[in-house]
J.: 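Please see the structure below; I have some questions.
Computed from a predicted structure; not experimentally measured. Note that these values count all heavy atoms, side chains included, but never hydrogens, waters or copies made by symmetry. The chain is numbered in sequence order, starting from 1.
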Amino acid sequence: MISKTLKKQIVEKILQSSEFANSKTNKDLLTYLIKNHLDGEIPNETEIAIEILNRDKSFNSSEDPIVRVHMHKLRKKLENYYQTEGKNEKIHLEIPKGRYALKFSTVCQDPVSETKKKPYFYIAMIVVLCIICAALGYQTWSLNGKMKQHSIISKKDKIWKEFLNGSHQILFVLGNHLFFSEYSKDLKKWRYVRDTAINSKEELENFIKTYPKFYVEETNEAYFPDSGIFGMSPLLYTLYPVRNKIIFRRAMDVTPAFLREYDILFVGSIKTLGILNQIFSASNFKYHVRPNELFFTPPETPLARSDYSKKIFYTNPETLKTDTLETTFNNYTGYNRDLAVVLKVPGPMKNTIFIISSFFSSGAPEVAKYLTDKNTLEQIEQRFIEKYTYVPDYFEILFEVRGIEKTGLSTKIIYFNELVNANIW
């Protein structure tokens, strides 16, 4: 039996936690529920709406889900608390779904006493684990040896030198679409939503602040477009033989702190850059994602001009005529012409950030292959040398990729340029 005094102490400790520090509504709601609990009462939705959420007596729970929304948030707060600060608490406070009553329960302990377990059971488990670890260790050592024998690019390669022979650890970022949870008043349930204008946690936070009347919550759900998934293979095949300690993250999980700590390699849709979209400020390119638009502010380059459409105007070096380039996709045949942008810029702490991005699913994977194939890599380095007499440390490249659905048929360099003043930090 848990006493009222102990229950008060448990709730007070929760209210003083960092999880509830900046959440007045959740504090007020939990305080109200514990008061009713100790008085032996269970409030209904209308009482909670009037007493805590400033609704008047005309409140109709079937039309306004605000109580259920806040109860959902309160349950999530309690769940987070017991996963962090309260993880060692022996008594947990719960709010069963569909009810507005509190429940205190003791955390279950392992019913099997440690003293009753046979000693030889532990010995057998240790032996088995040692055998498994030894087998895995040998397999990893053998695989590393085989991978090093198949290294196809020199560690001193000018384009990849920081990633093949650098001092910073590599962070491999895979572009992903962000989903959030939204409460539908019509359906009276929560559902996952994808908004092409919201591609980072910061953009979602701004949306919530701008439209507080919408019941929206952040989720941990993500979707990975094909442009990132299929672009991973050639890059990892190149990096892993010499840099096998690689950290992987989704674009939605990258924070400003990551930009200072790692050599970052991103591959994926240009729509999924997240906070890495700021890297474009170091280049001569700008983009929109609705519709697909790529803008170019030309320095002294073969590109002529661009307008506010999805077209790029450039001087064709072969014909010396002004041509246009735009993304196209035929839903019937699957034929597409994709634009892919490659950026290599310095990070804020002598690290390097490398972006391989495209609008459709064929661009980024084909460019990843192009930049990791020994023959085509030598060709692009030779073009840099012909233009500058050296391969620059930082650069931007525009590719045109033609293909059918996820299969690239041709990859062509439209433009390349050294980024002299690429430090945006």
Side-chain angles (χ1 to χ4, degrees), residues 147 153 159-160 162-164 166 168-180 192 194-204 218-280 287 289 292 338-345 347 351-373 397 399 401 403 405-408 411:
M147 290 292 288
I153 296 178
I159 286 181
W160 290 105
E162 295 87 355
F163 291 87
L164 296 176
H168 289 85
Q169 193 165 12
I170 295 176
L171 177 67
F172 195 110
V173 180
L174 194 60
N176 71 276
H177 289 304
L178 181 146
F179 282 81
F180 56 89
Y192 289 123
R194 163 67 182 153
D195 187 330
T196 56
I198 301 176
N199 298 296
S200 68
K201 293 183 178 181
E202 289 74 16
E203 289 174 345
L204 178 59
E218 177 184 324
T219 72
N220 200 39
E221 301 298 324
Y223 165 69
F224 297 95
D226 295 334
S227 53
I229 296 295
F230 288 96
M232 288 181 67
S233 179
L235 296 171
L236 292 180
Y237 186 78
T238 299
L239 297 176
Y240 197 82
V242 291
R243 296 291 299 276
N244 54 13
K245 293 184 179 179
I246 300 175
I247 297 175
F248 296 87
R249 288 291 185 274
R250 303 175 299 182
M252 65 184 286
D253 297 324
V254 175
T255 66
F258 285 93
L259 303 180
R260 299 188 295 269
E261 299 177 11
Y262 303 97
D263 284 331
I264 297 177
L265 175 59
F266 170 92
V267 62
S269 167
I270 204 168
K271 306 171 187 179
T272 63
L273 283 161
I275 69 168
L276 291 177
N277 61 7
Q278 63 183 289
I279 305 304
F280 269 72
Y287 69 90
V289 296
N292 296 339
D338 201 358
L339 295 178
V341 177
V342 172
L343 300 177
K344 184 183 178 186
V345 302
N351 55 323
T352 302
I353 301 175
F354 203 117
I355 304 290
I356 301 176
S357 59
S358 63
F359 283 110
F360 298 138
S361 60
S362 59
E366 293 303 314
V367 170
K369 293 178 186 177
Y370 193 99
L371 291 173
T372 54
D373 179 88
I397 309 174
F399 287 87
V401 177
E405 293 186 343
K406 303 175 182 65
T407 302
T411 303

J.: Find the distance between OG (S361) and CG (D338) and round it off to the nearest 0.5 Å.
T.: 7.5 Å
J.: Could you pull out the closest heavy-atom pair between F224 and G175, with the gap in Å?
T.: CD2-O, 3.5 Å
J.: Are F360 and D226 packed together at the side-chain level, in the sense that at least one heavy-atom pair is separated by less than 4.5 angstrom?
T.: no
J.: Sequence neighbours excluded, which residues qualify as side chain to side chain donor-acceptor pair (under 3.5 Å) partners of H177?
T.: R194
J.: Is any side-chain heavy atom of V267 closer than 4.5 Å to one of L174?
T.: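 When only atoms from C-beta onward are counted, V267 and L174 do touch, with a gap below 4.5 Å.
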J.: Indicate the atoms forming the closest heavy-atom contact of A222 with N176, along with that distance.
T.: CB-ND2, 3.4 Å
J.: I356 vs L235, test: side-chain contact (heavy atoms from CB on, under 4.5 Å). Steps then yes/no.
T.: CA-CA 10 Å; I356 301 176; L235 296 171; 4.0 Å; yes
J.: So which heavy atom on P225 is nearest to which on S269, and how close?
T.: CG-CB, 4.4 Å
J.: For W160 and L371, indicate whether the former's side chain and the latter's backbone hold a donor-acceptor pair under 3.5 Å.
T.: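 Pair found, side chain donor or acceptor close to backbone of L371.
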J.: Can you tell me how far apart CG (N351) and NE2 (H168) are? Round to the nearest 0.5 Å.
T.: 5.0 Å
J.: Output, in order, the C-alpha distance, side-chain angles, deciding distance and verdict of side-chain contact (heavy atoms from CB on, under 4.5 Å) for I246 and L236.
T.: CA-CA 9 Å; I246 300 175; L236 292 180; 4.3 Å; yes
J.: Can you establish whether the number of heavy atoms outside Y192 located under 6.0 Å from its atom OH is more than 12?
T.: no
J.: Donor-acceptor check, side chain of S358 to backbone of A340, threshold 3.5 angstrom: yes or no?
T.: no
J.: Using 0.5 Å steps for rounding, measure from the CD1 atom of I279 to the CD1 atom of I355.
T.: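 One finds 6.0 Å between CD1 of I279 and CD1 of I355.
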J.: Report the distance from atom CG of N277 to atom NZ of K271, rounding to the nearest 0.5 Å.
T.: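 Result: 15.0 Å between the selected atoms.
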J.: Taking all atoms of both residues into account, what is the closest heavy-atom pair of P234 and A368, and its distance?
T.: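 Looking at all heavy atoms of both residues, the shortest contact is CG-CB, 3.8 Å.
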J.: Run the salt bridge (charged side-chain N to carboxylate O under 4.0 Å, His left out) test against E218 and tell me which residues pass, sequence neighbours left out.
T.: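 In terms of salt bridge (charged side-chain N to carboxylate O under 4.0 Å, His left out), with neighbours along the sequence ignored, E218 is linked to K201.
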J.: My understanding is that only residues two or more places apart in sequence, or in another chain, count here; which of them pass ring pair (Phe, Tyr, Trp, His ring centres under 6.0 Å) with F258?
T.: Y262
J.: Supply the atom-to-atom distance T255 OG1 to R249 CZ, rounded to the nearest 0.5 angstrom.
T.: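 These two atoms lie 9.5 Å from each other.
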J.: Compare all side-chain heavy atoms of Y370 with those of V401 and state whether any distance is below 4.5 angstrom.
T.: no
J.: Rounded to the nearest 0.5 Å, how far apart are OG1 of T352 and CG of D263?
T.: 5.0 Å
J.: Does I159 offer a backbone N or O that forms a donor-acceptor pair with the side chain of K344 under 3.5 Å?
T.: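 Yes; judged by distance alone, with no hydrogens or angles, the pair exists.
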J.: Can you name the ring pair (Phe, Tyr, Trp, His ring centres under 6.0 Å) partners of F172, sequence neighbours left out?
T.: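 Partners of F172 by the ring pair (Phe, Tyr, Trp, His ring centres under 6.0 Å) criterion, ordered by chain and then number, come out as F248.
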J.: Quick one: are F180 and D195 in side-chain contact, heavy atoms under 4.5 Å?
T.: yes
J.: Determine whether V254 and F266 make a side-chain contact, defined as any pair of heavy atoms from C-beta on separated by less than 4.5 Å.
T.: no
J.: Just to verify, which of I170, V173, L265 counts as forming a side-chain contact (heavy atoms from CB on, under 4.5 Å) with F354?
T.: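 Only match with F354 under side-chain contact (heavy atoms from CB on, under 4.5 Å): L265.
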J.: Is it true that a side-chain atom of T219 and a backbone atom of F179 form a donor plus acceptor pair closer than 3.5 Å?
T.: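 Confirmed, T219 side chain pairs with F179 backbone.
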J.: Just do the side-chain contact (heavy atoms from CB on, under 4.5 Å) check on Q278 and L259 with the steps written out, would you?
T.: CA-CA 11 Å; Q278 63 183 289; L259 303 180; 3.7 Å; yes
J.: Could you work out, with side chain to side chain donor-acceptor pair (under 3.5 Å) as the rule, every residue matching R250, not counting sequence neighbours?
T.: N220, D253
J.: Look at the side chain of S357 and the backbone N and O of V341, then say whether any donor-acceptor pair between them is shorter than 3.5 Å.
T.: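 Flag set: sc S357 to bb V341 pair under 3.5 Å.
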